[in-house]
Amino acid sequence: MATILERYQELHPRSAALHVEALRVFPNGVTHDVRHLAPFPLYVKRAAGSRKWDVDDHVIIDYVMGHGALLLGHAYPEVTRAVTEQLQKGTHYGACHEMEIRWAECVQRLVPSAQLVRFTSSGTEATMMAVRLARAFTGRQKLVRFKGHFHGWNDSVVGFSLTAEATPQAVGAPLAALRSQVLVPQHDTEALRRALEEQDDVAAVIIEPTGASYGTVPLEPAFLREVRDLTERTGTLFIFDEVVTGFRVAPGGAQALFGVMPDITCLAKVLAGGLPGGAVVGRREILSLLDFGDDEWNLKRRVSHPGTFNANPLSAAAGFTCLSLIADGQPQEQAAGVCRRLCQGMNAIMRRAGVPGCAYGFSSMFHITMGREVPPPEDGFLWRWEGRPGPTVPGTSRERLEALKRGMLNRGVDLMRNGGLVSTVHSEQDVEATLAAFEATLADMRREDLI
Ligand SMILES: Cc1ncc(COP(=O)(O)O)c(C=O)c1O
């Protein structure tokens, strides 16, 4: 019987051939680290709803969902219509346009902390601007980050991965940028207090508000309130990185759900309805550092912000349409319900198969940990806990993760690393088909002694 890898190669000859061509133009053959998969990644030619079609004509249930950008699924008709109409009217005016105002008004209406809005072209640009604004506003230099939390790839926020200990490492980033970061473990209030009180130079604390790596290591909401108190007491700004959680966990993001008000919020992904886009939003006096003033102000206080594709008309049309459609919170609940059933089903399968580990999630985001004993959350989905620390979730080995990814692709399902994102158009039938693929993939992995 063919191994998972052999089957993957047999089933995807056109993807393999494109990868050979890609290697001539791209390092590694890919254009995003997460798309890397040995011996070659999947090439997709079309997508609609919860599905995508690869170049070898397989239909795939997709849980990558545009790396989290597609809350409404692929090619949602109203979003497609809005973008098509805009396309015919031009893609870039090199000027202000009405739709950027309507888009920002949606953001302002939905996100509690969004007194003012500034659009960027990506989440990475949003976190870069957030940190710059924090430094400019406070006159301080350092940034406190939490272990494993991801904020894009700009110099201000790289340097620690889930596996890195106290020493920051990011090849190519300036040492000064690495030294300006202080790493604190998630949930460690005492370490945070020390970092803020013993160093008087911390401009901001930045966090993924549902936990490291879109909730792979879930975060207790009470910790957000403690960070808020400590930052307020020390005059430090609190930045929510809601690039993934924004508009997804609730129309107003994690801040609305948990009732914690950050000073600055970073947005992207769902914000732009599946097109490129990001935003930094927050308190008026902070965002006003972007204002023009007299020469003295412009030279010494003003934070400058160009960006060719900021608030580009296509992203504005997609973003405005998407945010209008999800404003009442019902779509988010629908996606979360499907995600819950998916995790519960995966847990039942893992238990039946005697596979150590579990599936868990929050809202429409889910994760799988495999290979070590981790009891699943009581309801098979959401971890709740009173005290601290919260559940520690051991990572899954790369070998297992890759086998799971290939095995699931062999059976028509695309996961995003250790989990994925559910859209509003994933159906109960998708869940059933995914669970059947999962059960069969676990059996495949077992045959190869991978679990
Ligand atoms: C929490 C978080 N912040 C920032 C980013 C960076 O966003 P982008 O990929 O749009 O640059 C990501 C991307 O996945 C993210 O998950």
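Please read these numbers as outputs of a predicted model, since none were measured by experiment. We count ligands from 1, going down the list as the structure has it; atoms in each ligand are counted the same way.
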Problem set entry | Aromatic ring pairing F146/F223, orientation class (parallel under 30°, perpendicular over 60°, tilted between) | perpendicular
Exercise. Do any N/O atoms on T124 end up under 3.5 angstrom from N/O atoms on ligand 1?
Worked result: yes
Problem set entry | Residue H151 vicinity, atoms of ligand 1 by number, heavy atom under 4.0 Å | 3 (N), 4 (C)
For this session: Taking atom CG of D33 as the centre, report whether more than 12 heavy atoms of other residues, nucleotides or ligands fall under 6.0 Å from it.
Result: no
Exercise. Are F150 and ligand 1 in contact, using a heavy-atom cut-off of under 4.0 Å?
Worked result: yes
Problem set entry | Modelled atom types, side-chain donor and acceptor of T124 and S122, under 3.5 Å | no
For this session: Over all heavy atoms of both residues, which pair between R135 and Q141 is shortest? Give the atoms and the distance, please.
Result: NE-O, 2.6 Å
Exercise. Backbone or side chain, does any N or O of V244 fall under 3.5 Å from an N or O of ligand 1?
Worked result: no
Problem set entry | Residue S122 vicinity, atoms of ligand 1 by number, heavy atom under 4.0 Å | 10 (O), 11 (O)
Problem set entry | Between T127 and N154, a side-chain donor and acceptor under 3.5 Å | yes
For this session: Using a strict 4.0 Å cut-off to heavy atoms of V243, name the atoms of ligand 1 that fall inside it.
Result: 2 (C), 3 (N), 4 (C), 5 (C), 7 (O), 12 (C), 15 (C)
Exercise. Out of K269, E242, H149, who gets a non-hydrogen atom closest to atom 9 (O) of ligand 1?
Worked result: K269
For this session: Could you tell me how the ring of Y8 sits relative to the ring of F40: parallel (under 30°), tilted (30 to 60°) or perpendicular (over 60°)?
Result: parallel
Exercise. How far is atom 10 (O) of ligand 1 from its nearest protein heavy atom, and which residue and atom is that?
Worked result: G123 N, 2.8 Å
For this session: Please indicate whether any nitrogen or oxygen in D241 is less than 3.5 Å from any nitrogen or oxygen in ligand 1.
Result: yes
For this session: Return yes or no for this condition: an N or O of W153 is under 3.5 Å from an N or O of ligand 1.
Result: no
Exercise. With a 4.0 Å cut-off on heavy atoms, does E208 reach ligand 1?
Worked result: yes
Problem set entry | N-O pairing of K52 and D62 below 4.0 Å | yes
Exercise. Are any side-chain N or O atoms of Q255 and backbone N or O atoms of S113, one a donor and one an acceptor, separated by less than 3.5 Å?
Worked result: yes
